[in-house]
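Atom set for the values below is all heavy atoms of this structure, side chains included, hydrogens, waters and symmetry mates excluded.
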Amino acid sequence: MRTRPAGIGSVNADWMGSLPSELSAMPLKHLAVPGSHDSFTFWVDVHAPVGPDQKAYVKYLATMFSVLAKKVMVKWSMTQNLTFKEQLDAGIRYFDLRVSSKPGESGHEIYFIHGLFGHKVRDGLIQINSFLGRHRKEVVFLDFNHYYAMDPEHHVYLINMLQEVFSSKLCNNCAVESITLDFLWEKKYQVIVFYHHPSAQGIPVMWPGSKIPAPWANTTEPNKLIQFLETTLKERAKQGSFHVSQAILTPRVNTVAKGLVWGLRNYLVERNLPTIMSWVEAQRPGVDGVNIITSDFVELTDFANIVIKLNNLLLSQHKHKSR
(Lines give C-alpha, C1' and ligand atoms only; values in the text may rest on other atoms or scores of the structure.)
Protein backbone atom coordinates (compact mmCIF):
# COMPACT_ATOMS: atom_id res chain seq x y z
CA MET A 1 0.00 0.00 0.00
CA ARG A 2 1.31 3.45 -0.87
CA THR A 3 2.27 5.64 2.06
CA ARG A 4 2.27 8.99 0.26
CA PRO A 5 -0.75 9.14 -2.07
CA ALA A 6 -1.70 12.13 -4.19
CA GLY A 7 -3.57 13.81 -1.32
CA ILE A 8 -0.42 14.18 0.78
CA GLY A 9 1.50 17.39 0.30
CA SER A 10 0.08 20.88 0.44
CA VAL A 11 -2.72 20.39 -2.11
CA ASN A 12 -5.37 20.78 0.63
CA ALA A 13 -3.61 23.47 2.68
CA ASP A 14 -6.31 26.05 1.82
CA TRP A 15 -9.34 23.85 1.23
CA MET A 16 -11.67 25.72 3.61
CA GLY A 17 -10.77 29.07 2.09
CA SER A 18 -11.43 27.63 -1.37
CA LEU A 19 -14.98 26.43 -0.69
CA PRO A 20 -17.78 28.06 -2.71
CA SER A 21 -19.75 30.81 -0.97
CA GLU A 22 -22.81 28.53 -0.69
CA LEU A 23 -20.80 26.24 1.60
CA SER A 24 -18.95 28.89 3.61
CA ALA A 25 -22.39 30.25 4.57
CA MET A 26 -23.57 26.86 5.90
CA PRO A 27 -23.19 25.88 9.57
CA LEU A 28 -19.81 24.19 10.01
CA LYS A 29 -21.61 21.31 11.76
CA HIS A 30 -23.08 20.40 8.34
CA LEU A 31 -19.77 20.29 6.46
CA ALA A 32 -17.53 17.23 6.10
CA VAL A 33 -14.22 17.79 7.90
CA PRO A 34 -11.28 15.33 7.97
CA GLY A 35 -9.66 14.64 11.33
CA SER A 36 -6.98 12.41 12.81
CA HIS A 37 -7.25 10.02 15.76
CA ASP A 38 -4.61 10.35 18.50
CA SER A 39 -3.35 13.11 16.29
CA PHE A 40 0.17 13.76 17.47
CA THR A 41 1.60 10.27 18.03
CA PHE A 42 3.93 10.46 15.02
CA TRP A 43 6.84 10.52 17.47
CA VAL A 44 7.06 9.00 20.95
CA ASP A 45 9.93 9.04 23.44
CA VAL A 46 11.18 5.51 24.17
CA HIS A 47 13.59 6.88 26.79
CA ALA A 48 10.85 8.40 28.95
CA PRO A 49 8.79 6.35 31.44
CA VAL A 50 5.64 4.60 30.24
CA GLY A 51 2.70 7.01 30.34
CA PRO A 52 0.22 7.19 33.24
CA ASP A 53 -2.56 6.34 30.76
CA GLN A 54 -1.36 2.70 30.74
CA LYS A 55 -2.62 -0.16 32.91
CA ALA A 56 -0.44 -1.43 35.77
CA TYR A 57 0.58 -4.65 33.97
CA VAL A 58 1.89 -2.63 30.97
CA LYS A 59 3.97 -0.44 33.30
CA TYR A 60 5.31 -3.60 34.98
CA LEU A 61 6.31 -5.19 31.65
CA ALA A 62 7.96 -1.95 30.55
CA THR A 63 9.95 -1.88 33.78
CA MET A 64 11.01 -5.54 33.50
CA PHE A 65 11.76 -5.55 29.75
CA SER A 66 12.43 -1.87 29.22
CA VAL A 67 13.86 -1.54 25.70
CA LEU A 68 12.05 -4.53 24.16
CA ALA A 69 8.68 -3.65 25.71
CA LYS A 70 8.91 -0.04 24.57
CA LYS A 71 9.79 -1.07 21.01
CA VAL A 72 6.58 -3.11 20.94
CA MET A 73 4.65 -0.22 22.51
CA VAL A 74 5.88 2.16 19.80
CA LYS A 75 4.32 -0.10 17.15
CA TRP A 76 0.99 -0.06 18.98
CA SER A 77 1.05 3.53 20.31
CA MET A 78 1.70 5.36 17.04
CA THR A 79 -1.53 6.00 15.15
CA GLN A 80 -0.16 8.66 12.76
CA ASN A 81 2.98 9.05 10.65
CA LEU A 82 2.53 12.67 9.56
CA THR A 83 3.85 15.63 11.56
CA PHE A 84 1.70 18.55 12.69
CA LYS A 85 2.50 20.54 9.55
CA GLU A 86 2.07 17.58 7.18
CA GLN A 87 -1.38 16.81 8.57
CA LEU A 88 -2.45 20.45 8.23
CA ASP A 89 -1.05 20.67 4.68
CA ALA A 90 -2.91 17.47 3.81
CA GLY A 91 -6.21 19.03 4.93
CA ILE A 92 -6.70 17.59 8.43
CA ARG A 93 -8.65 20.13 10.50
CA TYR A 94 -9.76 18.18 13.60
CA PHE A 95 -7.19 16.98 16.14
CA ASP A 96 -7.86 14.42 18.87
CA LEU A 97 -5.57 15.30 21.79
CA ARG A 98 -4.56 13.33 24.90
CA VAL A 99 -2.17 15.10 27.25
CA SER A 100 -0.21 14.43 30.43
CA SER A 101 2.42 15.79 32.75
CA LYS A 102 5.51 13.63 33.38
CA PRO A 103 5.25 12.29 36.91
CA GLY A 104 8.31 13.30 38.89
CA GLU A 105 9.25 16.13 36.53
CA SER A 106 9.45 19.59 38.12
CA GLY A 107 7.37 22.43 36.71
CA HIS A 108 4.07 22.12 34.84
CA GLU A 109 5.16 20.99 31.35
CA ILE A 110 2.47 19.10 29.40
CA TYR A 111 3.09 16.45 26.74
CA PHE A 112 1.01 14.63 24.15
CA ILE A 113 0.59 11.01 25.16
CA HIS A 114 -0.61 7.63 23.92
CA GLY A 115 1.06 4.88 25.92
CA LEU A 116 4.38 6.68 25.58
CA PHE A 117 5.12 10.40 25.86
CA GLY A 118 5.25 12.47 22.69
CA HIS A 119 6.17 16.08 21.95
CA LYS A 120 5.60 18.98 24.31
CA VAL A 121 2.12 20.40 23.77
CA ARG A 122 3.52 23.92 23.44
CA ASP A 123 5.68 22.89 20.46
CA GLY A 124 2.65 21.44 18.69
CA LEU A 125 0.48 24.49 19.33
CA ILE A 126 3.19 26.81 18.02
CA GLN A 127 3.40 24.80 14.79
CA ILE A 128 -0.37 24.90 14.36
CA ASN A 129 -0.41 28.64 14.99
CA SER A 130 2.37 29.14 12.45
CA PHE A 131 0.34 27.28 9.81
CA LEU A 132 -2.78 29.34 10.61
CA GLY A 133 -0.77 32.55 10.28
CA ARG A 134 0.05 31.56 6.69
CA HIS A 135 -3.45 30.27 5.87
CA ARG A 136 -5.84 32.87 7.24
CA LYS A 137 -9.08 31.17 6.14
CA GLU A 138 -8.34 27.75 7.62
CA VAL A 139 -9.98 26.73 10.90
CA VAL A 140 -8.99 23.92 13.28
CA PHE A 141 -10.82 21.98 15.99
CA LEU A 142 -8.56 21.12 18.94
CA ASP A 143 -10.27 18.48 21.09
CA PHE A 144 -8.51 18.02 24.44
CA ASN A 145 -10.41 14.99 25.69
CA HIS A 146 -8.07 12.96 27.92
CA TYR A 147 -5.87 14.26 30.75
CA TYR A 148 -3.41 12.26 32.85
CA ALA A 149 -1.35 13.13 35.94
CA MET A 150 -2.63 16.71 35.85
CA ASP A 151 -3.50 18.67 38.97
CA PRO A 152 -5.35 22.04 38.96
CA GLU A 153 -2.08 23.94 38.38
CA HIS A 154 -1.37 21.88 35.24
CA HIS A 155 -4.79 22.75 33.84
CA VAL A 156 -4.28 26.45 34.54
CA TYR A 157 -0.90 26.22 32.80
CA LEU A 158 -2.37 24.50 29.72
CA ILE A 159 -5.38 26.83 29.42
CA ASN A 160 -3.12 29.88 29.75
CA MET A 161 -0.81 28.39 27.13
CA LEU A 162 -3.68 27.97 24.67
CA GLN A 163 -4.73 31.59 25.16
CA GLU A 164 -1.16 32.84 24.92
CA VAL A 165 -0.32 30.93 21.70
CA PHE A 166 -3.58 31.51 19.78
CA SER A 167 -4.73 34.78 21.33
CA SER A 168 -7.39 36.48 19.17
CA LYS A 169 -7.65 33.43 16.86
CA LEU A 170 -9.66 31.61 19.56
CA CYS A 171 -13.40 31.42 18.92
CA ASN A 172 -15.69 32.14 21.87
CA ASN A 173 -18.06 29.41 22.99
CA CYS A 174 -21.45 30.18 21.43
CA ALA A 175 -24.37 28.47 19.65
CA VAL A 176 -22.97 25.80 17.33
CA GLU A 177 -25.60 26.68 14.71
CA SER A 178 -24.14 30.19 14.38
CA ILE A 179 -20.67 28.90 13.46
CA THR A 180 -20.14 29.23 9.72
CA LEU A 181 -16.87 29.82 7.92
CA ASP A 182 -18.17 33.26 6.91
CA PHE A 183 -18.75 34.11 10.59
CA LEU A 184 -15.30 32.83 11.60
CA TRP A 185 -13.57 34.71 8.78
CA GLU A 186 -15.35 37.95 9.68
CA LYS A 187 -14.24 37.63 13.32
CA LYS A 188 -10.77 36.35 12.31
CA TYR A 189 -11.31 33.25 14.45
CA GLN A 190 -9.34 30.16 13.41
CA VAL A 191 -9.27 27.89 16.47
CA ILE A 192 -12.10 26.17 18.33
CA VAL A 193 -10.81 24.50 21.52
CA PHE A 194 -12.86 21.83 23.29
CA TYR A 195 -11.71 21.25 26.87
CA HIS A 196 -13.28 18.23 28.55
CA HIS A 197 -12.55 19.23 32.14
CA PRO A 198 -14.27 21.41 34.79
CA SER A 199 -11.13 23.60 34.99
CA ALA A 200 -12.23 25.37 31.80
CA GLN A 201 -15.75 26.25 32.96
CA GLY A 202 -16.46 29.96 32.70
CA ILE A 203 -13.57 30.64 30.31
CA PRO A 204 -15.23 32.07 27.15
CA VAL A 205 -12.77 30.60 24.63
CA MET A 206 -12.93 27.04 26.04
CA TRP A 207 -15.81 25.01 24.59
CA PRO A 208 -17.31 22.17 26.67
CA GLY A 209 -16.77 18.59 25.50
CA SER A 210 -20.55 18.13 25.30
CA LYS A 211 -20.54 20.22 22.12
CA ILE A 212 -18.39 17.70 20.23
CA PRO A 213 -19.55 14.13 21.00
CA ALA A 214 -17.29 11.44 19.51
CA PRO A 215 -18.92 8.02 20.04
CA TRP A 216 -16.34 5.22 20.21
CA ALA A 217 -17.09 1.77 18.78
CA ASN A 218 -14.27 0.01 20.69
CA THR A 219 -14.09 -2.93 18.28
CA THR A 220 -11.53 -4.74 16.14
CA GLU A 221 -14.16 -5.77 13.57
CA PRO A 222 -14.82 -3.44 10.60
CA ASN A 223 -18.42 -4.60 10.12
CA LYS A 224 -19.28 -3.86 13.76
CA LEU A 225 -17.56 -0.49 13.41
CA ILE A 226 -19.65 0.45 10.38
CA GLN A 227 -22.86 -0.67 12.08
CA PHE A 228 -21.93 1.50 15.08
CA LEU A 229 -21.11 4.52 12.89
CA GLU A 230 -24.46 4.22 11.12
CA THR A 231 -26.39 3.92 14.39
CA THR A 232 -24.67 6.87 16.08
CA LEU A 233 -25.15 9.06 13.00
CA LYS A 234 -28.89 8.40 13.12
CA GLU A 235 -28.87 9.39 16.79
CA ARG A 236 -26.84 12.55 16.12
CA ALA A 237 -28.22 15.55 18.01
CA LYS A 238 -30.20 17.89 15.79
CA GLN A 239 -29.13 20.97 17.78
CA GLY A 240 -26.24 22.20 19.86
CA SER A 241 -23.22 20.15 18.83
CA PHE A 242 -20.75 19.12 16.18
CA HIS A 243 -20.33 15.36 15.64
CA VAL A 244 -17.25 13.14 15.29
CA SER A 245 -17.47 9.79 13.47
CA GLN A 246 -14.45 7.79 14.67
CA ALA A 247 -13.71 5.51 11.70
CA ILE A 248 -11.11 3.58 13.70
CA LEU A 249 -10.56 0.06 14.99
CA THR A 250 -9.32 -0.45 18.55
CA PRO A 251 -6.92 -3.28 19.42
CA ARG A 252 -7.62 -5.45 22.44
CA VAL A 253 -5.02 -7.24 24.56
CA ASN A 254 -5.33 -10.45 22.50
CA THR A 255 -5.05 -8.40 19.28
CA VAL A 256 -1.74 -6.99 20.43
CA ALA A 257 -0.57 -10.45 21.54
CA LYS A 258 -1.36 -11.98 18.14
CA GLY A 259 0.19 -9.15 16.16
CA LEU A 260 2.95 -8.29 18.61
CA VAL A 261 5.77 -7.75 16.12
CA TRP A 262 3.64 -6.22 13.35
CA GLY A 263 2.03 -3.34 15.22
CA LEU A 264 -1.22 -1.44 14.82
CA ARG A 265 -0.66 -0.26 11.27
CA ASN A 266 0.43 -3.56 9.70
CA TYR A 267 -1.73 -5.93 11.73
CA LEU A 268 -5.05 -4.08 12.12
CA VAL A 269 -5.30 -0.86 10.11
CA GLU A 270 -4.00 -1.62 6.60
CA ARG A 271 -5.95 -4.83 6.06
CA ASN A 272 -9.26 -3.21 7.06
CA LEU A 273 -8.84 0.21 5.42
CA PRO A 274 -10.65 -0.69 2.16
CA THR A 275 -13.83 -1.60 4.05
CA ILE A 276 -13.68 1.51 6.23
CA MET A 277 -12.91 3.84 3.32
CA SER A 278 -15.80 2.38 1.30
CA TRP A 279 -18.09 3.51 4.12
CA VAL A 280 -16.50 6.98 4.18
CA GLU A 281 -16.89 7.40 0.41
CA ALA A 282 -20.59 6.53 0.63
CA GLN A 283 -21.39 9.25 3.19
CA ARG A 284 -23.18 12.57 2.78
CA PRO A 285 -22.64 15.64 4.96
CA GLY A 286 -25.57 17.88 5.89
CA VAL A 287 -28.33 18.00 8.49
CA ASP A 288 -28.53 14.23 9.07
CA GLY A 289 -25.12 13.33 7.68
CA VAL A 290 -21.50 13.17 8.68
CA ASN A 291 -19.57 16.12 10.07
CA ILE A 292 -16.05 15.33 11.32
CA ILE A 293 -14.57 11.94 10.37
CA THR A 294 -11.37 10.69 11.99
CA SER A 295 -8.93 8.01 10.90
CA ASP A 296 -5.66 6.39 11.92
CA PHE A 297 -2.65 6.83 9.60
CA VAL A 298 -4.37 9.46 7.46
CA GLU A 299 -1.65 9.18 4.81
CA LEU A 300 -2.31 5.52 3.93
CA THR A 301 -5.22 6.46 1.67
CA ASP A 302 -6.44 9.67 0.09
CA PHE A 303 -8.46 10.11 3.28
CA ALA A 304 -8.50 13.91 3.62
CA ASN A 305 -9.29 14.42 -0.07
CA ILE A 306 -12.14 11.90 0.03
CA VAL A 307 -13.75 13.56 3.07
CA ILE A 308 -13.32 17.10 1.69
CA LYS A 309 -14.90 16.11 -1.64
CA LEU A 310 -18.04 14.90 0.17
CA ASN A 311 -18.91 18.60 0.48
CA ASN A 312 -19.56 18.70 -3.28
CA LEU A 313 -22.74 16.71 -2.53
CA LEU A 314 -23.98 19.66 -0.47
CA LEU A 315 -23.29 21.97 -3.38
CA SER A 316 -25.32 19.91 -5.83
CA GLN A 317 -28.09 19.64 -3.24
CA HIS A 318 -28.05 23.42 -2.74
CA LYS A 319 -28.27 24.04 -6.50
CA HIS A 320 -31.15 21.58 -6.81
CA LYS A 321 -33.10 23.38 -4.03
CA SER A 322 -32.51 26.82 -5.56
CA ARG A 323 -34.06 25.86 -8.91
So, does [X] use its side chain to make a donor-acceptor pair with the main chain of [Y] at under 3.5 Å?
X      : Y      : result
Thr83  : Glu86  : yes
Asp123 : Val121 : no
Ser24  : Ser21  : yes
Trp207 : Cys171 : yes
Asn311 : Val33  : no
Ser101 : Ala149 : yes
Ser130 : Ile126 : no
Ser167 : Glu164 : no
Gln190 : Gly133 : no
Glu230 : Gln227 : no

Trace of the side chain to side chain contact (heavy atoms under 4.5 Å, CB included) decision for Ile203 with Gln163: CA-CA 10 Å; Ile203 299 173; Gln163 293 176 295; 3.8 Å; yes
Taking all non-hydrogen atoms of both residues, which atom of [X] and which atom of [Y] are closest, and how far apart?
X      : Y      : result
Ile212 : Phe141 : CD1-CD2, 4.2 Å
Phe117 : Ser100 : CE2-OG, 3.8 Å
Leu314 : His30  : CD1-O, 3.3 Å
Ala247 : Ile293 : CB-CG2, 4.2 Å
Val307 : Pro34  : CG1-N, 3.6 Å
Ser178 : Cys174 : OG-SG, 3.6 Å

Take Val244 and Tyr94 through the test side chain to side chain contact (heavy atoms under 4.5 Å, CB included) and record every step on the way to the result. CA-CA 9 Å; Val244 180; Tyr94 166 90; 3.9 Å; yes
If you measure from [atom1] on [X] to [atom2] on [Y], what distance do you get to the nearest 0.5 Å?
X      : Y      : atom1 : atom2 : answer
Phe131 : Leu88  : CZ    : CG    : 5.0 Å
Leu249 : Thr275 : CG    : OG1   : 9.0 Å
Ile276 : Asn223 : CD1   : CG    : 10.0 Å
Ile292 : Asp143 : CD1   : CG    : 8.0 Å
Ile192 : Lys211 : CD1   : NZ    : 10.0 Å
Leu125 : Ile110 : CG    : CD1   : 11.0 Å

Measure the acute angle between the ring planes of [X] and [Y], then classify it against the limits of 30° and 60° as parallel, tilted or perpendicular.
X      : Y      : result
Tyr195 : Tyr147 : tilted
His154 : His108 : perpendicular
Phe194 : Phe242 : perpendicular
His197 : His155 : parallel

Distance under 6.0 Å and angle within 45° of ring axis: Lys102 vs Tyr111: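 Checked: cation-pi criterion met.
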For Ser36, run the side-chain contact (heavy atoms from CB on, under 4.5 Å) check against Ile92, Asp296, Asp96, Leu82 and tell me which one passes.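 With Ser36 as partner, Ile92, Asp296, Asp96, Leu82 yield a single side-chain contact (heavy atoms from CB on, under 4.5 Å), made by Ile92.
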Would you indicate whether the side-chain heavy atoms of Leu142 and Phe166 approach each other to under 4.5 Å?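 In short, these two side chains touch, coming nearer than 4.5 Å.
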Where do Lys169 and Leu132 land on the side chain to side chain contact (heavy atoms under 4.5 Å, CB included) test, with the steps shown first? CA-CA 9 Å; Lys169 292 187 182 78; Leu132 295 174; 4.1 Å; yes
Do the side chains of [X] and [Y] join up, straight or via other hydrophobic residues, at under 4.5 Å, putting them in one cluster?
X      : Y      : value
Phe40  : Met161 : yes
Val287 : Leu28  : no
Val165 : Tyr157 : yes

Charged N to carboxylate O under 4.0 angstrom, [X] versus [Y]?
X      : Y      : answer
Lys309 : Glu281 : no
Asp14  : Lys137 : no
Arg93  : Glu138 : yes

Exercise: do [X] and [Y] side chains pair donor with acceptor under 3.5 Å:
X      : Y      : answer
Asp89  : Asn12  : no
Thr294 : Gln246 : no
Lys187 : Asn172 : no

Only one of Arg236, Lys238, Lys234 clears salt bridge (Lys or Arg N to Asp or Glu O under 4.0 Å) with Asp288; which?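 Filter result, single survivor: Lys238.
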Please identify each residue that fulfils ring pair (Phe, Tyr, Trp, His ring centres under 6.0 Å) with His146, with sequence neighbours left out.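 Applying ring pair (Phe, Tyr, Trp, His ring centres under 6.0 Å) to His146 gives none.
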